Q: 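The structure's right below; bear with me while I get my questions together.
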Amino acid sequence: MKIIGLVGSPRIEGNTSILVKKALDGAEFEGASVELVQLSALDFQGCTGCEGCKNSFRCVIKDDMQKLYDSLEEADGIILGSPTYFYNITSITKKFIERLYCYDTFDALDRSVWINKFEKTGTKYAVTIAVCEQNDIEDMGVTSLVMDKSLQAVGYRIVKSLKILHVFKKGEIVKQIDSIDEAFEAGKKIAKTIKLNQTVNC
Ligand SMILES: Cc1cc2nc3c(=O)[nH]c(=O)nc-3n(C[C@H](O)[C@H](O)[C@H](O)COP(=O)(O)O)c2cc1C
């Protein structure tokens, strides 16, 4: 069982990073092998809409996403974290999500008919972690919604969508013990879900 943590914050040691790592610890506790990817350390661009992926489920842009596609396809699940930037995900998280467009394919004559790659190869699982400064969930805007809906569209079942409020300065999340525990439990949950999938026969 393999789970990849993806950090969509430009702050390498920031709050999102700490929470994603803690979730990976939870997954590891349940027996997963884990890998951490700082999306800000990769050199990649957003989708160009070229449709080069149309029949292949693979993007044609040659950048660091190519390595990541291999890892994503090999992994059973992901833990994706983004801070809220102006009520939304960060631009780094956005360009990562855009590049998952290649995992969908549409009917040639009716674009309301579509499937994703993982419907063919097996469901993948995801935890999302949204992190914001304000106390009011309204100020998180669409951060969780955008991650959850987009990942669902490309074949991930969201087992937990964490919304972490009231954390501003880099790294100060370590003082919110409940949030750290929540992230650890979410990591355990995704690993346990994958284990269940691997053990049940029908
Ligand atoms: C450009 C920018 C925009 C932000 N917009 C919001 C916002 O709309 N709502 C909010 O609650 N926090 C907002 N924040 C605060 C961050 O979400 C918060 O500091 C978070 O803890 C950063 O996570 P990180 O340490 O992982 O980078 C914003 C921060 C920046 C730098």
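The model shown is predicted, which means the values in this text are computed figures rather than measured ones. Worth knowing before you read on, the calculation uses all heavy atoms, side chains too, and leaves out hydrogens, waters and symmetry mates. Just so you know, ligand 1 is whichever comes first in the structure, and atom 1 is the first atom listed for that ligand.
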Q: Around atom 19 (O) of ligand 1, find the nearest protein heavy atom and jot down its residue, atom name and distance.
A: F168 O, 3.0 Å
Q: How far is atom 26 (O) of ligand 1 from its nearest protein heavy atom, and which residue and atom is that?
A: T16 OG1, 2.6 Å
Q: Going by heavy-atom distance to atom 6 (C) of ligand 1, choose the closest among D139, T84, I173.
A: T84
Q: Could you check atom 5 (N) of ligand 1 against the protein and tell me its nearest heavy-atom contact, residue, atom and distance included?
A: F86 N, 2.9 Å
Q: For E30, is there an ion pair with K195 - N to carboxylate O distance below 4.0 angstrom?
A: yes
Q: Which residue supplies the protein heavy atom nearest to atom 2 (C) of ligand 1, what is that atom called, and how far is it?
A: Y85 CD1, 3.6 Å
Q: Less than 3.5 Å apart, any donor N or O on the side chain of T143 or T84 sitting next to an acceptor on the other?
A: yes
Q: Parallel under 30°, tilted from 30 to 60°, perpendicular over 60°: which one fits the rings of Y156 and F118?
A: perpendicular
Q: So does E182 pair up with K189, basic N to acidic O under 4.0 Å?
A: no
Q: Salt bridge check: are K67 and D70 linked by an N-O gap of less than 4.0 Å?
A: no
Q: Can you tell me the protein heavy atom closest to atom 23 (O) of ligand 1 and the distance?
A: P83 CB, 3.4 Å
Q: I'd like to check whether E133 has a polar contact with ligand 1, where a contact means an N/O of the residue lying under 3.5 Å from an N/O of the ligand.
A: yes
Q: Need the ligand 1 atom indices (1-based, order shown) with element for anything under 4.0 Å from a heavy-atom of G14.
A: 25 (O), 26 (O)
Q: Any carboxylate oxygen within less than 4.0 angstrom of a Lys/Arg side-chain nitrogen, looking at E28 and K21?
A: no
Q: Can you report which non-hydrogen protein atom sits closest to atom 27 (O) of ligand 1, along with the distance?
A: S9 OG, 2.6 Å
Q: Check ligand 1 against V131 and write out every atom of the ligand that is under 4.0 Å from a heavy-atom position of the residue.
A: 17 (O), 21 (O)
Q: Could you tell me whether K188 and E185 make a salt bridge, using a distance below 4.0 angstrom between a side-chain N and a carboxylate O?
A: yes
Q: Nearest protein heavy atom to atom 20 (C) of ligand 1, by residue and atom, and its distance?
A: V167 O, 3.6 Å
Q: In terms of residue, atom name and distance, what is the protein heavy atom nearest to atom 8 (O) of ligand 1?
A: Y87 N, 3.0 Å
Q: Could you tell me whether D63 and R99 make a salt bridge, using a distance below 4.0 angstrom between a side-chain N and a carboxylate O?
A: yes
